[in-house]
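Please read the structure below before turning to the comments.
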Amino acid sequence: MVRFKSRYLLCEVSFADPRSRQCLEERAIFSAVRDAIARAHGDYGAACCAVSFAVKYLNAYTGILLLRCRKEHYRLLWSALPFIIHLESRGQRQPCRISSIHVGGTIRTCQRFLIRYNRQQLLRMLPGCQSEEERASVHRAVLSCSLKQLEEEGGSRDEDSD
Amino acid sequence: MSMEKTSARYCVLQSHGVGWEGSCCYTGSIVPLKCVFCISTHKDCIHSMRRHDTKDPETATYERLVFRNASDYHYMKISLIFEGGNIRLNAAHFKQLIISSLRELYGEIGAALPFDVLKFEENTLSAVLRVYSSALVRLWSALTLLGGYQGQPCGVRVVQVTPFLLALSGNSRELKLD
């Protein structure tokens, strides 16, 4: 059974000034990553990663990014991410930094990791809350993110992971 | 990795009472037999072919060392060929040419490939390069795809590739038998 296996890189985009986060676009990230791979790994790297490269998910509020590439060449993509210095969108260049937080074989495993990661981040934000309402909303957010709902529906469909 | 010379005697299982023992067809002594397929002396093994390992009493034990990687470095003897005209290069330009070809094919990370130009002759434009064995394929492919130097098309002919420097001293193609 021959199947194309892929690796999903969960990354976090952090900006110098937080306001420019709303201008995140998938096309800007796509071209920036592709150019970075071409610069860092040349024609060979550009060809390897261009076959099955896609930006699967982008969340402008939290800066979470999910990239997909082939399983044989995910290291090329991974090593080219630190070379991205700025993103171009609507004619503006914004300095940014992309760091990868997780590598998974399927979108589902990345999703599970993201839920745990978000919960940790929320708990980390708790001491810095100024008022009681913020505290209460953070409490509610932590309690609402749970893996139970995912595990109910995803129990029998885990044959994708490699 | 050193291996002692052992030989295996295959004995078809003989009904020999209890246990899986048989008589060695070479020496005749009773030895425990192991199954050929599941390598077990278990009674419940259903296979019927057994063997036991025995040392040949005649040959002395000797050591045989087997290496998977011949050497850390690989040495390439190449010659640069231009279409026409007399192009003068010195060793630094030559190395820069190879690095630019590596950069085109493998990017900045490929251009940082550590390799050395051990010898460069300006008259014949031939050189001896040394590269780590793990990077040989990358360097060779970059040499293959070398396009030109300062607008002049050129190519690289790889004369010899060897993991041992001593092999570069002789080449059977250039041997003159008189």
Side-chain angles (χ1 to χ4, degrees), chain A residues 6-13 27-55 65 67-88 93-101 103, chain B residues 68-69 72-74 76 78 80-83 89 92-117 127 129-158 161:
Chain A
S6 34
R7 285 282 180 261
Y8 291 88
L9 277 171
L10 194 64
C11 314
E12 189 172 2
V13 186
R27 276 175 301 154
I29 301 248
F30 185 83
S31 50
V33 173
R34 213 184 31 188
D35 294 337
I37 295 177
R39 232 176 334 157
H41 294 289
D43 292 339
Y44 174 74
C48 281
C49 297
V51 178
S52 176
F53 172 62
V55 175
L65 176 66
L67 304 169
R68 175 192 70 183
C69 70
R70 283 278 158 86
K71 179 180 152 189
E72 292 91 18
H73 309 298
Y74 78 100
R75 285 177 191 273
L76 294 178
L77 169 61
W78 201 353
S79 61
L81 288 180
F83 291 98
I84 300 177
I85 318 177
H86 36 241
L87 291 177
E88 305 238 0
R93 276 188 162 189
Q94 277 127 17
C96 74
R97 203 170 9 124
I98 301 188
S99 52
S100 83
I101 51 181
V103 178
Chain B
R68 279 190 61 194
N69 303 323
D72 292 330
Y73 293 101
H74 265 77
M76 296 178 76
I78 65 175
L80 201 57
I81 298 179
F82 281 94
E83 260 195 335
L89 281 179
H93 290 150
F94 180 68
K95 186 161 188 191
Q96 178 57 36
L97 177 62
I98 300 183
I99 289 182
S100 68
S101 173
L102 275 169
R103 178 177 283 121
E104 215 180 296
L105 186 56
Y106 290 110
E108 295 292 333
I109 294 178
L113 205 73
F115 72 97
D116 308 305
V117 177
L129 309 176
R130 176 181 74 168
V131 71
Y132 278 104
S133 300
S134 52
L136 174 70
V137 176
R138 271 178 279 172
L139 180 67
W140 201 340
S141 55
L143 287 175
T144 306
L145 295 175
L146 192 66
Y149 173 68
Q150 284 179 357
Q152 305 264 351
C154 73
V156 167
R157 178 165 290 149
V158 175
V161 179

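Within every chain, numbering begins at 1; the chains are lettered A, B, ... in the order of the sequence lines, protein sequences first and strands thereafter. No hydrogens, no waters, no symmetry mates; every other heavy atom, side chains included, goes into these values.
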Those residues that, when tested against Y149(B), pass ring-ring contact (aromatic ring centres under 6.0 Å, His included) (two or more places apart): none
By ring-ring contact (aromatic ring centres under 6.0 Å, His included) - contacts of F94(B) (at least two apart): F120(B)
Residue by residue, which of residues 80-87 of chain A have a heavy atom closer than 4.5 Å to a heavy atom belonging to chain B? F83(A)
Within the supplied structure, the quantity of interest is the number of heavy atoms (other residues, nucleotides, ligands) at a distance under 6.0 Å from E104(B) CD; does it exceed 12? no
Quick one: side chain to side chain donor-acceptor pair (under 3.5 Å) pairs with a partner in residues 33-43 of chain A, sequence neighbours left out? H41(A)-S79(A)
